[in-house]
Amino acid sequence: MRPKSINRREEKRSAVRSVVLNTLFQLTTVAALLCLRTMGPPGWLSGLMLFLAIADVITIPFTFAALWQRVREIEKGELDEARKY
């Protein structure tokens, strides 16, 4: 029985859509944290919000690096090879 072939274009589109939605969610979270920070919370909470916002922004480039790797895997046909087993 031959395994079903994978639509590479659809797989790439799905991967890109996932990363774009994730990035938008992260940027929305950063904006919310920075907005809440301007409302004058106690010093330690303000610092925590800033730290969380910075940590969230730092992860965005790594998300795109993972997307680049995923697209390369799709182009090489690694999913087709994995489905054989």
Side-chain angles (χ1 to χ4, degrees):
M1 184 180 215
R2 187 172 173 215
K4 185 174 124 180
S5 97
I6 295 170
N7 183 350
R8 289 185 180 153
R9 176 179 240 155
E10 185 60 35
E11 286 291 324
K12 285 184 201 177
R13 190 176 298 132
S14 176
V16 170
R17 183 178 26 233
S18 173
V19 168
V20 168
L21 288 175
N22 181 46
T23 302
L24 288 174
F25 178 71
Q26 285 179 299
L27 292 174
T28 303
T29 304
V30 168
L33 284 168
L34 294 178
C35 181
L36 287 172
R37 190 171 182 263
T38 62
M39 293 182 182
W44 67 272
L45 189 56
S46 178
L48 177 63
M49 286 184 202
L50 181 61
F51 174 77
L52 291 173
I54 291 171
D56 213 13
V57 169
I58 287 173
T59 63
I60 292 173
F62 297 107
T63 304
F64 281 96
L67 172 64
W68 182 67
Q69 182 180 7
R70 175 78 173 126
V71 168
R72 280 191 12 222
E73 288 174 357
I74 292 169
E75 288 173 351
K76 289 180 181 177
E78 291 182 17
L79 288 175
D80 289 328
E81 290 298 318
R83 290 223 175 157
K84 289 181 182 177
Y85 300 104

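To the nearest 0.5 Å, atom CZ of residue Arg13 and atom CD of residue Glu10 are 5.0 Å apart. Rounding to the nearest 0.5 angstrom, the gap separating the CH2 atom in Trp44 from the CE atom in Met49 is 8.5 Å. In this structure, the separation between NZ on Lys12 and CG on Leu67 is 11.0 Å, given to the nearest 0.5 Å.
Using modelled atom types, no side-chain atom of Ser18 and backbone atom of Ser14 make a donor-acceptor pair closer than 3.5 Å.
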Enumerate donor-acceptor pairs with a distance under 3.5 Å from any side-chain N or O in residues 32-42 to protein atoms, sequence neighbours excluded.
residue : atom : partner : partner atom : Å
Arg37   : NE   : Ser46   : O            : 3.0
Arg37   : NE   : Ser46   : OG           : 3.1
Thr38   : OG1  : Cys35   : O            : 2.6

Pairs of donor and acceptor atoms involving the side chains of residues 51-61, under 3.5 Å and at least two apart or interchain, shall be tabulated with distances.
residue : atom : partner : partner atom : Å
Asp56   : OD1  : Gln26   : NE2          : 3.3
Thr59   : OG1  : Gln26   : NE2          : 2.6
Thr59   : OG1  : Asp56   : O            : 2.8

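Using a 4.0 Å cut-off between charged nitrogen and carboxylate oxygen, Arg8 and Glu11 do not count as a salt-bridge pair.
Criterion: ILVMFWY side-chain heavy atoms under 4.5 Å apart, direct or through other members. Under it, Leu24 and Val30 are not part of a common hydrophobic cluster.
Cluster partners of Leu21 are absent, since no Ile, Leu, Val, Met, Phe, Trp or Tyr has side-chain heavy atoms less than 4.5 Å from it.
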